[in-house]
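See below for the structure under consideration.
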2 protein chains.
Amino acid sequence: MGISKTEIFTEEQNMLAKFAKVLGHPARIAILEYLFKRETCVCGDLVGEIGLAQPTISQHLKELKQLGLIKGTIEGTSVCYCVDKVAWATMKRALNSFLNHDVQNPECC
Amino acid sequence: MGISKTEIFTEEQNMLAKFAKVLGHPARIAILEYLFKRETCVCGDLVGEIGLAQPTISQHLKELKQLGLIKGTIEGTSVCYCVDKVAWATMKRALNSFLNHDVQNPECC
DNA sequence: ACTCTTTATTGTAATATTGCAATCAATAAA
DNA sequence: TTTATTGATTGCAATATTACAATAAAGAGT
């Protein structure tokens with residue numbers, strides 16, 4: 001149906017999926033990498049840096065913002081976007097603990 | 001357009017996004033968690049464990065298999081699915097190095 | 001007030017994803 | 001051979017995502 005049955009999964013599973021999902025597009029990966037690389041971070045730079053139209057970048061930024069991963073402060077006509085340190089750490093912790101699962105039985109398959 | 005412009009991004013960005021994307025659904029998170037928990041791992045178990053129809057589970061398994069994260073060996077009428085140790089380690093390494101980015105300038109926003 | 005710059009929003013088209021009923025393929029058991 | 005059993009595949013409907021042109025909104029500079 002194109003809609004996820006979130007209600008049958010645990011809070012943690014849904015949270016992990018949400019974090020992973022927002023990282024599941026190369027444009028958002030590129031945006032985050034750029035924000036990490038720069039000290040000053042303006043959306044206009046991103047449109048120049050990444051080869052996507054301004055509305056598309058704006059939409060990807062919105063998705064990152066909705067998860068709290070980035071925050072934007074208005075500076076005159078432009079907006080300064082940065083990675084939210086706390087939210088990033090939270091995501092990192094969650095994904096890391098999932099990724100740290102080990103394959104129990106290497107003889108199985 | 002519902003299609004990602006993968007050609008304008010680096011190999012690494014596309015790879016990271018692909019890995020993250022496949023983790024971006026709670027059913028696939030649940031499947032992987034179950035495979036980590038169990039020694040014997042059959043698709044039928046998953047249908048019982050997770051509240052989704054058999055074709056849906058089969059489809060999620062297919063996506064995980066396509067990325068090489070899991071592998072399935074036929075055992076009689078059933079299929080034994082397991083996490084691929086090497087592929088999992090590769091993904092873990094890739095995502096970890098991305099997640100390890102640090103916020104440079106906490107004074108920015 | 002007018003104009004420019006910058007970002008957000010709206011509307012729309014194309015494609016992708018999610019989910020399941022129905023069905024198929026293959027092996028096992030009788 | 002017939003009859004389960006198990007999992008994959010097909011076909012379809014509903015929804016989501018991606019992308020961008022057009023436009024709006026808001027402040028800066030003239």
Side-chain angles (χ1 to χ4, degrees), chain A residues 1-9 13-14 17-31 34-35 40-67 70-82 109, chain B residues 1-9 13-14 17-31 34-35 40-67 70-82 109:
Chain A
M1 293 175 184
I3 189 168
S4 301
K5 285 193 158 180
T6 53
E7 71 276 8
I8 66 171
F9 301 105
Q13 287 166 340
N14 284 317
K18 260 192 176 177
F19 278 135
K21 194 175 186 177
V22 88
L23 299 182
H25 193 290
R28 293 192 287 270
I29 296 284
I31 287 171
Y34 190 73
L35 291 186
T40 56
C41 36
V42 184
C43 182
D45 291 2
L46 289 165
V47 176
E49 189 78 8
I50 304 167
L52 289 172
Q54 180 267 324
T56 309
I57 297 290
S58 192
Q59 196 175 298
H60 284 302
L61 287 168
K62 192 180 177 185
E63 281 171 70
L64 290 166
K65 203 160 45 166
Q66 273 170 348
L67 254 187
I70 64 172
K71 50 189 175 178
T73 48
I74 298 167
E75 296 213 351
T77 49
S78 59
V79 177
C80 172
Y81 274 113
C82 304
C109 294
Chain B
M1 292 176 184
I3 189 168
S4 302
K5 284 193 161 180
T6 52
E7 70 276 8
I8 66 172
F9 301 105
Q13 287 165 341
N14 283 319
K18 260 193 176 177
F19 278 135
K21 194 176 187 179
V22 87
L23 299 182
H25 193 290
R28 293 191 287 268
I29 296 285
I31 287 171
Y34 189 72
L35 292 186
T40 56
C41 35
V42 184
C43 182
D45 292 2
L46 289 162
V47 176
E49 189 78 8
I50 304 165
L52 288 171
Q54 181 267 321
T56 310
I57 297 291
S58 191
Q59 196 175 296
H60 284 303
L61 287 169
K62 191 180 176 185
E63 281 171 72
L64 291 167
K65 203 161 44 167
Q66 272 171 349
L67 254 187
I70 64 174
K71 51 187 174 179
T73 48
I74 298 167
E75 296 214 351
T77 50
S78 58
V79 177
C80 171
Y81 273 113
C82 303
C109 293

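Protein chains get the first letters and strands the later ones, always in sequence-line order, with residue 1 at the start of each. It should be emphasised that the depicted structure is a prediction, and the values quoted were computed from it without experimental measurement.
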ask   = Which of the following nucleotides, C:dC20, D:dG7, C:dT6, is nearest to the side chain of A:S78?
value =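 Output: C:dT6.
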query = From the list D:dT6, D:dA19, C:dC20, which nucleotide is the closest neighbour of the side chain of B:L52?
reply =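 For B:L52, the side-chain atoms sit closest to C:dC20.
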Mind listing the closest non-hydrogen atom pair of [X] and [Y] along with its distance?
X     : Y     : result
A:L35 : A:C82 : CD1-C, 4.3 Å
B:L67 : B:K18 : CD1-O, 3.5 Å
B:I50 : B:A30 : CD1-CB, 3.9 Å
A:I57 : A:L46 : CG2-CB, 4.0 Å
A:V22 : A:R28 : O-NE, 2.7 Å

When you compare the protein's N or O atoms with those of nucleotides 26-28 of chain D, which come within less than 3.5 Å of each other, and at what distance?
none

query = Between A:P55 and A:A27, who's closer to the 5' end of DNA chain D by nearest nucleotide?
reply =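 Nearest nucleotide further toward 5': that of A:A27.
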ask   = If each of A:A53 and B:I57 is mapped to the nucleotide of DNA chain D with the nearest heavy atom, which maps nearer the 5' terminus, i.e. the 5' end?
value =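 Comparing both residues, the 5'-ward one is B:I57.
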At under 4.0 Å, does any side-chain N or O of [X] touch on OP1 or OP2 of [N]?
X     : N      : value
A:K62 : C:dT7  : no
A:K21 : D:dT17 : yes
A:Y81 : C:dA8  : yes
B:T56 : C:dG19 : no
B:H60 : C:dG19 : yes

request  = Go ahead and name the base partner of C:dA22; Watson-Crick or wobble counts if both distances stay under 3.5 Å, otherwise write none.
outcome  =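 Paired with D:dT9.
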request  = Classify the side chain of A:Q54 versus the base of C:dA8 as yes if they form a donor-acceptor pair under 3.5 Å and no if they do not.
outcome  =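 When only heavy-atom distances are counted, A:Q54 does reach the base of C:dA8 through a donor-acceptor pair under 3.5 Å.
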